[in-house]
Amino acid sequence: MSTDDIEGSYDPEAVESKWRGHWVNDGTYEYDESNTDPNTAYSIDTPPPTVSGSLHMGHLYSHIAQDFAARYHRMADGDAFFPFGYDDNGIASERLTERELDIRHQDYERREFQELCREVCQEYEASFTEEIQELGISIDWSNTYKTIEPRVQRLSQLSFLDLYEQGREYKQRGPAIWCPDCETAISQVETEDAERDAHFNDITFEIVDGPRDEVTIATTRPELIPACVAMFVHPDDDRTDDLPGATARVPLFGHEVQILEDERVDMEKGTGVVMCCTFGDQNDIEWYQAHDLDLRVAIDESGTMTEEAGDYAGMSTHEARETIVEDLDSAGHLVSREAIVHDVQVHERCETDIEYRVTDQWYVEMLDKTDEYLEAGREMDWYPEKMFTRYKHWVEGLEWDWCISRQRDSGIPIPVWYCESCDETIFPEKADLPVDPLSDEPPVVECPDCGHDSFEPEEDVFDTWATSSLTPLINAGWDWSEEDGFTFENPELYQFDLRPQGHDIISFWLFHTVVKCYEHTGEVPFESVLINGHVLDRDRRKMSKSKGNGIDPREVMDEYPIDAIRYWAASTSVGEDFPFNENSMRQGEKLLQKLWNASKLVDSLADTEPAEPDEFAAMDEWLLASLDDVIETVTAYFEAHEYAKARDELRAFFWHTFCDDYLEIAKQSEADSTPYTLRVAHRRFLKLFAPFVPHVTEELHTTLYGDDSVHTLAWPEPEGYESNRAAGETALEVISALRGYKTDNGLALNATLGDVAVYGDIEGFEDAISGVMHVETLERLDEAPAISTEVAGIDLDYSKVGPEFGSKVGAIDSAIETGEYAVSNGQLHVADEVLDSKLFEVEEERTFAGEGEFIETENAVVIVR
RNA sequence: GGGUUCGUGGUCUAGUGGUAUGACGCCUCCCUUACAAGGAGGAGAUCGGUGGUUCAAUUCCGCCCGGACCCA
C-alpha cells in the first residue's frame, strides 16, 4: 500500500492527462466477459455517434451523462458493459467525405469511393476517440465497433433476411421521397423544413370545349407544368361547380388534362383550382393513387428536366422554373407573379429541396403493428417519464412504412438478386453473409421459379438507421448458425439496462431500435431509457451554425479541467435542456481544489489505517451516522438518474458539514475515534464523488490508499451508525452561534472564550464545542437561564387553521396583524374564535437580564460571559 | 397551424395547495498553521402576464406572451 504524501495545490492538467492514458492502457473499464449474471452486469447500449464531423457540445454532454450512469452502476452493481461504436456507413459520412476531399461520389467507382469514405472516417474517428478518452468517459475500449465492419454487415443482412422471412418486409414500386443532390430515396424522418424565397405564379390554362375559356391556378413550381396530369376542384366550391368533367390544355406543352373533383382541394386558398403533377407534393401522390392518373416524369434523379419537359429538357429545375415563367409571360399565360417566403421540405443532410419520385424501394412494414410497438414503449422505464409522450405521439401518428433502401455507395448492400427473366427475388444463405451482390454470385445457378440462369444484383444499400437500430444486437453478439439458429454471445446483456438517447431523436432512432429488436427477439431491448436534453448557449438559445452561436468543445476542454466540465454537465435535471454555464465549471474547479486540500488535512490528522476504536466520541459517531444518511439519499438519486441532486447533496454535505464543521472540530479533537472517522469518511467521499470527478478522486485514492482504481471498488452502503442526531445538530448550532459571536465582536475564530453556558440538548458534544471554539469552561444549564419572555407574534399553522376555519382565516389574520388577540391556557383568542394550541405557535422575544452576551438558536440558548 | 414542454433574486437553479432552496455575482468583516479559488455575516424574488377554482395559488385550471422540441 502506498502512503505517498499529497502536497501543494491540485494540478488538474497533470493529473487528468496521466489518468486518461492509464485507464485506457490498463483496461480499467473492461467488461468481464466471463460474467453470466445479468444482475451484476449493468449493460448500456450507447447510440454510436454519426461520423459527420467533429465533436460538438452535444456529444460532450451526452457522453458525460451516460458516464455518470456507467460509473455509478459499475461500482454499485459489480460490473458495467459500456461499449462504443461509430456510425459510419450512411449518407452523413459520404457527405463528409465529399466535403472533406471536395469530390462527388458520382465521379468514382463504388469501391473506390467506399475506400475514400473509410479513410476520411478513420481520421475523424481517431480524433473523436481521443476526445472521448480525454473526457474521462469510462468506455470499455476493447468493446468497440463500426457500423460498416463485416461483423455488423453480416448482422444487418441477417436482420433483413429474418424480417423478410417473418413477412415484415416488402419491395414496392411507388412514390418515394427523393434527394436530387444525394440521388437517393430518403425516409420521411430525414427531411426537415427550410425557408425559401419563391414566387406565387398565377397561370391560366385554356379550357377545351368547356363552360368557360380558361381557368387560373397559383403555383410556386411552374417547372412542374410539364408533369401536370390533372386539375382538381372541390366538390362544394360554388365558384368552380361548372368545371368538373371539362378538359384543360396545359400551356406551352399542349397536352390535355381532365378537371376532376376531390375534397382534398383547399377552398380557402387561391382560385379553387389546383393542378396535379407527378409529383409536386404528397397531395399529388394521394390523387395519383386515388384517381388512377397517368405518370408524367419531368424531373430525373439528379433534378434535371427530362424529355417530357420538351424544350426544357436538360435544364436544372431552377433554370426551367425561370425560363418557363418567362415563356408563359410572353405567351400571355402569366396573370401575376408575387414574391413570397415559404417553408419547403429539404434533406436534412444537404438541405436540398426534396422531390417525389416513383421508384422501386424496400420497406419494413410497421403500420399494421403500431399498437404492439406502443405497448413495447410502455414497457420501458422512461427517465424522465414524460418523454414517453413523444414516443406515443410518434407511433400514433405514423403514416408511412419505413423505406430502408438507399441508392448510395457507401452503405451495407441489400443482399438480394433478381431473376432477369421472371424478376423472382433470390436471397443468400445466412451462413454466407455478409455478401455483396455486386461482386458475389447468387446462391443458385438457376431461378427456382422459372429456371432462368442469369441474375441481376440489387444495387441498393441499407438506410443507415436499418443498421444503427441494431446496436443492442451488435453489442450482445447476436448471430445465426445452422445448429442453434439465432443466439447471443452475451445473453446476460440483453435486455440492456439502459439506453441513453437525445430527446430529438426518440421518434426514429429509439423507435426503430425498439421495433427491430422486438421483432428479432420478441423482447423489448431496453429496461430503461435515459433521455438527455440539449446544450444551449449562454443565453439559453439553441446552438446553430447559421446563428454562429456554437461553442467549440475544444476551447472549453482547453480552458477548464475535465472534472470541472463534468461537474457542469451534472447541473441538469434529466431530460431538460440546459445552458452552457461557465460559473458552474468554476464552481467545479473550486470543488476539485477543496477535495484536494481537505484530503491533505485528513492525511495530516490521521494515520492511513487507524484502528477501529471501541468507543466513539459523540461528534465522530454523529458524522458517520450523518454520512450514512447522505449515502442513502445520494444513492437513491443515482438510481433515479437525478445527477444534479446527487451532486448538490454530496457537495453541500462534504463542503459545509464535513469541511466547515467537522474538520475544524477534528483538528482539536483528542479522541481515538477521530482519526478512524476521518479516514472512513474520506474514503467514502472519494467513492461517492468518483462518478462525477473521476480524475481527482482516482489521484487521491491511489496516492493515499493503494493501487486499486477507485472506480472499480464497491459503492458505499450505510453502515448503521447510531447517534443522537438532534444533539449533534444542536451542538453545531451552538458552535455556529459562538462563531457569530466572535465575528460580531471582532475576535479571531481561534480566540479563547472564557466561560460559556448552554441551555439545550448537547449531551456528549461538550468536548467538541469547547475544543473547536477554544472555550475554557463550558457549563450546561439544566433550566432556561434567567430571562423574560414576551409574546412577539403568532405563527399560525395554516394547513390546520385553513381547513378548520375556512373563510374566517382572513379575519383571524388581520386581528393578529393588529395585535387584537390574547393567549390564555394555551389557547388563542382572536376574532371571536378560540384556537387550540396545536394550531399555532407563539413567537417569543426573550430578554436576558443576567451577566454576559445572550444568544438564541433554534434549539438552544447560549450565554457567553 | 397542431402537440409536448419550460419560464423562480443580476445570472443559473431546487421545490411545493400554507408565503421560496442553493450556487455564482454583489456588500461588510476575518490572512484561524488544508484551502483568500478560504471562512463568518448581509442585501437582493409581488416565482413570465392575466383571469378562474380555493379560506389560501409560485404550485391546480383557462387564456396570453416568450424559448425549446416534435409533427404538419
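Below, read A as the first sequence line, B as the second, and so on, with proteins coming before strands; counting in each chain starts at 1.
Using a 4.5 Å heavy-atom cutoff, the side chains of A:Arg651 and A:Phe692 are not in contact. Side-chain contact between A:Met57 and A:Leu60: present, with at least one pair of heavy atoms (C-beta onward) separated by less than 4.5 Å.
Nearest nucleotide to the side chain of A:His534, out of B:C69, B:A14, B:G38: B:C69. Comparing atom distances between the A:Asp504 side chain and each of B:A23, B:C70, B:G38 picks out B:C70 as nearest. Comparing B:C55, B:A23, B:G38 by their nearest atom to the side chain of A:Val809 picks out B:C55. Of the listed nucleotides (B:C12, B:U4, B:G15), B:U4 has the atom at the smallest distance from the side chain of A:Thr389.
Figure legend. B:G9 is base-paired to no nucleotide; pairs are counted as Watson-Crick or G-U wobble with both atom distances under 3.5 Å. Figure legend. B:U4 is base-paired to B:A68; pairs are counted as Watson-Crick or G-U wobble with both atom distances under 3.5 Å. Across all strands shown, B:G41 pairs with B:C27; the Watson-Crick or G-U wobble distances both stay below 3.5 Å.
At B:C35, none of the side-chain N or O atoms of A:Ser599 fall inside 4.0 Å of OP1 or OP2 (strictly under the cut-off). Here A:Lys742 does not reach the OP1 or OP2 of B:G39: none of its side-chain N or O atoms lies under 4.0 Å away. OP1 and OP2 of B:G38 both lie 4.0 Å or more from every side-chain N or O belonging to A:Trp655. Contact annotation: A:Lys590 reaches the phosphate of B:G38 (side-chain N/O to OP1 or OP2, under 4.0 Å).
Rounded to whole Å, the distance from NZ on A:Lys645 to P on B:U21 is 17 Å.
Defined by atom type and a distance below 3.5 Å, a donor-acceptor pair is missing between the side-chain atoms of A:Glu589 and A:Tyr560.
Annotation: cation-pi pair A:Arg683/A:Tyr705 present, NZ/CZ under 6.0 Å from the ring centroid and within 45° of its normal.
Of the two residues contacting RNA chain B, namely A:Ser736 and A:His503, the nearest-nucleotide position lying further toward the 5' end is that of A:Ser736.
The same atom, C1', is picked in B:C27 and in B:G10; the two are 14 Å apart, to the nearest Å. Only the C1' atoms considered, B:U21 is 32 Å distant from B:C31, to the nearest whole Å.
Between the base of B:C35 and the side chain of A:Lys594 there is a donor-acceptor pair shorter than 3.5 Å.
Ring planes of A:Phe68 and A:Tyr643: tilted class, angle from 30 to 60°.
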